[in-house]
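The structure appears right after this line, and notes come after that.
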Amino acid sequence: MGMPAALIAVVGIAFFSAGASPPPALTVAEEGDSIWIRHGDAPLLRYRFDGVPFKPYVQEWYSPARVQVLRDAPHDHLHHHAMMYAIKVDGVNFWEERETPGRQVHRAFEGLETGERGGVAFARFTQHVDWTGPDSGEPRLQEARSITVFAGPSPALLTWESRFTVPPGKEKATLGGSHYHGLGVRFVESMDTVGAFITPGGELGELVRGDEHLTPGAWCAYTAPAGEKPVTVAMFDAPGNVRPALWFTMKEHFAYLSATINLWREPLDVTPDKPLVLRYGAALWDGEVSKEAIEAVYREWLRLAEAE
């Protein structure tokens with residue numbers, strides 16, 4: 001794909017040997033309906049924001065060996081968009097996209113940015129999103145969504161941060177949803193049913209239905225073959241989030257992992273004097289990795305996130 005970008009930013013990778021040629025640059029650019037982050041010519045992440053009727057989302061995410069692990073709009077659940085954030089707001093469903101769904105409407109990008117944090121190069125963009133109901137175009141909730149991709153040999157590493165506020169003149173927005181609503185990831189078909197979830201304690205938590213569990217913890221991971229190559233995907237919780245994560249997991253019919261904050265049992269109000277910030281990390285390795293390796297990368301992600 002060419003680079004007729006409306007916005008583009010470039011930064012060199014922070015680490016290379018003295019006397020050696022610098023490695024390819026990390027770039028972030030708006031191209032058509034998507035934001036692309038690349039390392040040289042190699043894609044790292046594609047974020048789809050235009051031509052989407054209900055919500056923007058991370059459509060493609062690549063491992064260091066360039067294995068793409070996300071699945072968008074599978075026939076069994078057309079509303080599963082790769083890596084997406086969705087919940088209910090004031091009773092309006094922004095997840096399932098049927099009957100009278102809400103819409104996450106792209107308003108603007110604050111800018112595309114590259115730089116260095118904690119000795120690691122990064123690329124980042126911030127998008128402003130209006131969460132509108134089916135009855136009008138007036139927003140029920142407003143969001144500043146920032147996605148940061150860090151450069152490094154392994155694993156692929158990113159941060160998803162959502163800052164929620166109520167529109168001017170609105171007293172509150174009540175957040176709710178089902179037990180799986182939150183920041184969700186649908187994996188490519190070859191990863192369905194055959195993988196294994198990994199948790200810090202080694203066990204899954206409360207069984208809600210079928211094989212659907214909710215597990216507390218600082219992180220949760222899933223390992224399975226993406227095509228012919230095994231990969232491991234982990235999601236991380238930030239200690240500063242309003243509630244600790246409950247990780248929704250399932251693999252009986254298809255594999256899914258979601259960071260939730262128990263909104264199905266305890267709805268949460270966002271008010272003018274009480275905005276909400278949620279921050280999560282995600283890491284993607286080629287191959288299977290140990291709990292100790294996941295924990296080490298989680299600690300590194302916390303270091304980088306705290307440097308913001």
Side-chain angles (χ1 to χ4, degrees), residues 58 61-64 67-71 74 76-77 80-86 95 154-160 177-239 241 243-265 278-302:
V58 175
W61 188 31
Y62 293 83
S63 75
V67 178
Q68 203 288 116
V69 298
L70 302 181
R71 190 177 184 194
D76 53 21
H77 289 71
H80 287 178
H81 295 299
M83 181 185 292
M84 67 180 195
Y85 189 87
W95 183 284
S154 183
L157 187 63
L158 65 81
T159 297
W160 179 302
S178 297
H179 60 288
Y180 46 82
H181 284 184
L183 180 61
V185 180
R186 180 73 188 259
F187 301 104
V188 293
E189 188 172 7
S190 64
M191 297 176 69
D192 290 342
T193 72
V194 297
F197 287 102
I198 309 166
T199 66
E203 301 290 339
L204 295 176
E206 175 190 1
L207 181 63
V208 178
R209 66 179 184 186
D211 75 326
E212 300 173 14
H213 291 261
L214 289 173
T215 305
W219 53 263
C220 186
Y222 182 68
T223 184
E228 298 180 354
K229 298 181 178 180
V231 296
T232 302
V233 178
M235 295 181 70
F236 304 141
D237 188 28
N241 285 340
R243 296 174 183 168
L246 282 176
W247 303 104
F248 169 84
T249 59
M250 66 170 292
K251 68 170 188 175
E252 187 174 278
H253 301 291
F254 54 83
Y256 209 92
L257 173 61
S258 182
T260 82
I261 54 171
N262 203 33
L263 292 174
W264 71 305
R265 286 174 170 154
L278 293 174
R279 179 184 292 171
Y280 299 104
L284 169 58
W285 291 260
D286 294 291
E288 299 179 4
V289 297
S290 66
K291 287 194 297 184
E292 292 75 18
I294 297 169
E295 180 69 23
V297 171
Y298 169 64
R299 295 295 174 186
E300 173 65 4
W301 174 75
L302 287 179

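- With rounding to the nearest 0.5 angstrom, the OH atom of Tyr256 is 13.0 Å from the CE atom of Met191.
- Separation of atoms CZ (Arg279) and CG (Asn241) is listed at 8.5 Å; rounding is to 0.5 Å.
- In this structure, Glu288 places its CD atom where only 12 or fewer heavy-atom neighbours from other residues, nucleotides or ligands lie under 6.0 Å away.
- For the pair Trp160 and Leu278, the minimum side-chain heavy-atom distance is 4.5 Å or more.
- You'll find the ring centres of Tyr280 and Phe236 outside the 6.0 Å limit.
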Decide ring-ring contact (aromatic ring centres under 6.0 Å, His included) for Tyr180 and Trp95; before the verdict, give the C-alpha distance in whole Å, the side-chain angles of both, and the deciding distance to 0.1 Å. CA-CA 10 Å; Tyr180 46 82; Trp95 183 284; 5.5 Å; yes
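- Under 4.0 Å is where a charged nitrogen must lie from a carboxylate oxygen, and between Arg265 and Glu206 at least one such pair does.
- In this structure, a donor-acceptor pair under 3.5 Å is present between the side chains of Thr159 and Trp301.
- Leu183 and Tyr85 make their closest contact through N-CD1, 3.5 Å (heavy atoms, listed as atom of the first residue, atom of the second, distance).
- Looking at every heavy atom in both residues, Ala259 comes nearest to Trp247 through CB-CZ3, 3.3 Å.
- The SG atom of Cys220 lies 6.5 Å from the CG atom of Leu204; values are rounded to the nearest 0.5 Å.
- No close placement of the His213 and Phe197 rings is indicated, their centers lying 6.0 Å or farther apart.
- The existence of a salt bridge linking Glu295 and Lys291 is excluded, since no basic side-chain nitrogen approaches an acidic carboxylate oxygen closer than 4.0 Å.
- Contact detail for Met83 and Ala282: the closest heavy-atom pair is CE-CB, 4.4 Å.
- Between Thr193 and Lys251 there is no side-chain heavy-atom pair separated by less than 4.5 Å.
- Of the possible donor and acceptor atoms, none in the side chain of Asp211 sits under 3.5 Å from a partner among the backbone N and O of Met250.
- Side-chain contact check for Arg71 versus Glu189: some heavy-atom pair is nearer than 4.5 Å.
- Under the 4.0 Å criterion applied to side-chain N and carboxylate O atoms, Asp237 and Arg243 are not assigned as salt-bridge partners.
- Distance check: Met84 CE to Arg186 CZ gives 10.0 Å after rounding to the nearest 0.5 Å.
- Rounded to the nearest 0.5 angstrom, Glu228 CD and Ser190 OG are separated by 9.5 Å.
- No side-chain donor-acceptor contact under 3.5 Å links Glu203 to the backbone of Gly205.
- Side-chain contact between Glu212 and Thr249 is absent, with no heavy-atom pair separated by less than 4.5 Å.
- Looking at heavy atoms from C-beta onward, Asp286 lies out of side-chain contact with Ser154 at the 4.5 angstrom threshold.
- Heavy-atom minimum distance, Ala234 versus Ile294: CB-CG2, 4.1 Å.
- Checked by atom type and distance alone, the side chain of Ser178 never pairs as donor or acceptor with a backbone atom of His181 at under 3.5 Å.
- Rounding to the nearest 0.5 angstrom, the gap separating the CG atom in Leu284 from the CE atom in Met235 is 12.5 Å.
- With sequence neighbours excluded, the residues satisfying side-chain contact (heavy atoms from CB on, under 4.5 Å) with Thr260 are Leu214, Leu246, Phe248, Ser258.
- Contact between Thr232 and Gly287 at its shortest, heavy atoms only, is OG1-O, 2.8 Å.
- A donor-acceptor distance shorter than 3.5 angstrom exists from the side chain of Tyr222 to the backbone of Gly195, with no hydrogens or angles considered.
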As a quick check of understanding, evaluate side chain to side chain contact (heavy atoms under 4.5 Å, CB included) for Thr223 and Trp285, giving each step before the final call. CA-CA 9 Å; Thr223 184; Trp285 291 260; over 6 Å; no
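- With ring centers used as reference points, His77 lies under 6.0 Å from Phe254.
- Considering only heavy atoms from C-beta on, Tyr62 stays 4.5 Å or farther from Val67 through its side chain.
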